[in-house]
Protein chains: 2
Amino acid sequence: MTNSNLTTKAEEILKAAKFNCTKAQVLLLKELLISDKPLSREELIQHMGQKCPDTVTVYRILERFCERGLVHKVYLQSRAWKYELGHNCTTKQCHPHFTCSDCGETFCLTGSSLPLIKDLKKGFVIHRQQVNIDGLCPACS
Amino acid sequence: MTNSNLTTKAEEILKAAKFNCTKAQVLLLKELLISDKPLSREELIQHMGQKCPDTVTVYRILERFCERGLVHKVYLQSRAWKYELGHNCTTKQCHPHFTCSDCGETFCLTGSSLPLIKDLKKGFVIHRQQVNIDGLCPACS
DNA sequence: GCCAAAACTGCAACTATATTGCAATTCACA
DNA sequence: TGTGAATTGCAATATAGTTGCAGTTTTGGC
Ligand SMILES: [Mn+2]
Ligand SMILES: [Mn+2]
Ligand SMILES: [Zn+2]
Ligand SMILES: [Zn+2]
């Protein structure tokens with residue numbers, strides 16, 4: 001996809017979700033669109049290079065995106081939160097993630113899934129089920 | 001279980017895992033033994049009261065316990081890590097956790113489980129699978 | 001295109017969480 | 001009981017995320 005097509009796509013997504021097409025939001029969304037794994041604030045900032053908005057702005061954009069479900073936080077071993085688009089997830093279930101204990105790399109297992117948990121006691125309402133697997137990746141095993 | 005029995009139990013566990021029975025390690029392990037959910041460093045310190053060891057010591061003990069598998073870190077929404085004994089978990093799978101988006105309470109779903117993920121690409125080696133569910137607890141739904 | 005209101009941004013200060021270095025203390029075990 | 005190894009406390013430091021506020025950009029109506 002050309003950079004210009006990518007920009008258009010990002011703008012369309014923002015409009016559809018009723019976000020303003022500010023430079024910072026478009027730039028950040030483009031990074032999320034081309035990533036094949038969840039990214040930390042730090043990683044996003046590195047990828048965005050010189051045009052990168054302020055750290056605080058990055059956090060605030062991510063928070064806004066999360067509030068409306070455009071983006072998910074993924075809770076992994078790393079101390080820093082990671083963020084990814086929600087588009088590979090069903091209503092109640094995110095695809096599983098695999099993190100290598102050795103090299104630290106995280107992989108999105110978009111092809112795999114587990115059933116939603118059953119037999120929850122009365123009164124529990126599931127919003128989203130996340131699966132995280134620790135282990136060794138092909139490069140490290 | 002009386003407090004003295006609990007102490008004995010903690011000491012036995014420590015010895016079995018080749019840990020020294022220091023005051024701090026016994027005290028901390030006792031807190032983990034009586035908890036029905038994963039606890040943060042902050043929560044552990046509050047529970048331990050005046051006899052509580054230094055914050056740094058708490059972190060270091062937890063780290064040592066984790067290294068040898070006595071304790072697991074649980075990765076939840078909260079920014080602070082949470083810790084629990086590994087004794088409710090099988091080799092490759094921890095019991096699922098449910099965290100209420102409203103009140104923030106975390107529940108150990110020791111009665112439920114999901115199958116281990118299948119069809120992982122060649123070369124991936126699973127160490128541990130964690131399942132985290134966000135939603136509403138009975139009190140909040 | 002121009003304007004006002006709303007949304008967004010950057011900077012500085014701040015909070016929360018975890019780590020490191022090092023000297024002092026405690027523990028296991030002979 | 002004495003000794004080396006393991007553990008601990010304290011102070012300093014690092015890392016991750018938040019808040020307040022003034023200034024800028026964006027949108028939507030004209
Ligand atoms: Mn993913
Ligand atoms: Mn648990
Ligand atoms: Zn690896
Ligand atoms: Zn609740």
Side-chain angles (χ1 to χ4, degrees), chain A residues 7 10-31 38-68 70-83 104 106, chain B residues 7 10-31 38-68 70-83 104 106:
Chain A
T7 303
E11 288 172 349
E12 281 169 7
I13 292 174
L14 287 173
K15 276 173 199 151
K18 311 272 189 204
F19 285 106
N20 287 345
C21 291
T22 66
K23 281 174 200 153
Q25 292 187 156
V26 172
L27 189 60
L28 202 160
L29 181 50
K30 283 168 70 181
E31 288 305 333
L39 299 171
S40 64
R41 170 226 52 174
E42 179 71 22
E43 291 166 324
L44 282 164
I45 286 177
Q46 279 172 10
H47 293 187
M48 286 191 275
Q50 319 115 332
K51 296 181 204 153
C52 178
D54 187 80
T55 296
V56 179
T57 299
V58 172
Y59 277 122
R60 288 200 266 226
I61 291 174
L62 288 168
E63 205 49 44
R64 287 195 293 265
F65 284 2
C66 285
E67 273 166 14
R68 300 213 215 145
L70 182 55
V71 162
H72 285 163
K73 270 183 201 165
V74 187
Y75 305 106
L76 301 169
Q77 287 101 313
S78 68
R79 185 142 155 242
W81 294 333
K82 303 227 171 174
Y83 301 84
T106 293
Chain B
T7 303
E11 289 173 346
E12 281 169 6
I13 292 175
L14 288 173
K15 277 172 199 152
K18 312 273 188 200
F19 285 106
N20 288 344
C21 291
T22 65
K23 280 175 200 154
Q25 292 187 156
V26 171
L27 189 59
L28 201 159
L29 181 51
K30 283 168 70 181
E31 287 307 331
L39 300 172
S40 64
R41 169 226 50 172
E42 180 71 24
E43 291 166 324
L44 282 164
I45 286 177
Q46 280 172 11
H47 292 189
M48 287 190 274
Q50 319 116 332
K51 296 182 206 153
C52 179
D54 187 80
T55 297
V56 180
T57 297
V58 172
Y59 276 122
R60 289 201 266 225
I61 291 175
L62 289 167
E63 205 50 44
R64 286 195 293 265
F65 285 3
C66 285
E67 274 166 15
R68 302 214 214 145
L70 183 56
V71 162
H72 286 163
K73 270 183 199 164
V74 187
Y75 305 107
L76 301 168
Q77 288 101 312
S78 68
R79 191 128 91 75
W81 294 333
K82 303 227 171 175
Y83 301 84
T106 293

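Below, chain A is the first sequence line, B the second, and so on; all start at residue 1.
For the helix from C:dG1-D:dC30 to C:dA30-D:dT1, the rotation axes defined at the first and last 5 base pairs enclose an angle of 50°, given to the nearest 10°.
Looking at A:Leu29 and A:Phe65, their side chains come closer than 4.5 Å, going by heavy atoms from C-beta outward. A heavy-atom distance below 4.5 Å is found between the side chains of B:Pro53 and B:Leu27.
Among residue pairs with one or both ends in residues 39-57 of chain A, those qualifying as salt bridge (Lys or Arg N to Asp or Glu O under 4.0 Å) are A:Glu43-A:Lys82; sequence neighbours excluded. Residue pairs that meet the side-chain hydrogen bond (donor to acceptor under 3.5 Å, both in side chains) test with at least one member in residues 70-81 of chain B, sequence neighbours left out, are B:His72-B:Arg128, B:Gln77-B:Asp134.
Taking atom NZ on A:Lys51 and atom P on C:dT9, their separation rounds to 16 Å, with Å as the unit. Summarising the geometry, the separation between CG on B:Leu62 and P on C:dA18 is reported as 10 Å, rounded to the nearest angstrom. Computed from coordinates, the B:Lys82 NZ to C:dA16 P distance equals 16 Å when rounded to whole Å. Per the geometry, CG belonging to A:Leu28 stands 16 Å off C1' belonging to C:dG10, to the nearest Å. Rounded to whole angstrom, the span from the CD atom of B:Glu67 across to the P atom of C:dT19 amounts to 11 Å. Atom CD of A:Gln25 is separated from atom P of C:dA6 by 18 Å (rounded to the nearest Å). To the nearest angstrom, P of C:dT9 lies 11 Å from CG of A:Leu27. When rounded to the nearest whole Å, the span between CZ of A:Arg64 and P of C:dA6 equals 17 Å.
For B:Glu11, the side chain to side chain contact (heavy atoms under 4.5 Å, CB included) test picks out B:Thr7, B:Cys21, B:Val26, with sequence neighbours left out. Residues passing the side chain to side chain donor-acceptor pair (under 3.5 Å) test with A:Thr22: none are found, sequence neighbours excluded. Among residues two or more places apart in sequence or in another chain, the side chain to side chain donor-acceptor pair (under 3.5 Å) test is passed with A:Arg64 by A:Gln25. Partners of B:Tyr83 under the ring pair (Phe, Tyr, Trp, His ring centres under 6.0 Å) rule, at least two apart in sequence or in another chain, do not exist in this structure. Among residues two or more places apart in sequence or in another chain, the side chain to side chain donor-acceptor pair (under 3.5 Å) test is passed with A:Thr57 by none.
Taking every heavy atom of residues 52-61 of chain B and every atom of DNA chain C, pairs under 4.0 Å involve B:Val56, B:Tyr59, B:Arg60, by number. Shown for residues 11-23 of chain A: residues whose heavy atoms fall under 4.0 angstrom of DNA chain D, namely A:Asn20, A:Cys21, A:Thr22, A:Lys23.
Nearest heavy atoms, B:Leu14 versus B:Asn20: CD1-O, 4.0 Å. In plain terms, the two heavy atoms of B:Met48 and B:Val58 that are nearest each other are CE-CG2, 4.0 Å.
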Self-check item: Full working for side-chain contact (heavy atoms from CB on, under 4.5 Å) between A:Thr106 and A:Val74
Solution: CA-CA 11 Å; A:Thr106 293; A:Val74 187; over 6 Å; no

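Summarising the geometry, atom CG belonging to A:Leu44 is positioned 5.0 Å from atom CG belonging to A:Leu28; distances are rounded to the nearest 0.5 Å.
Once you apply a 4.0 Å limit to the heavy atoms of chain A, the touched nucleotides of DNA chain D run 5' to 3' over D:dT15 to D:dT27.
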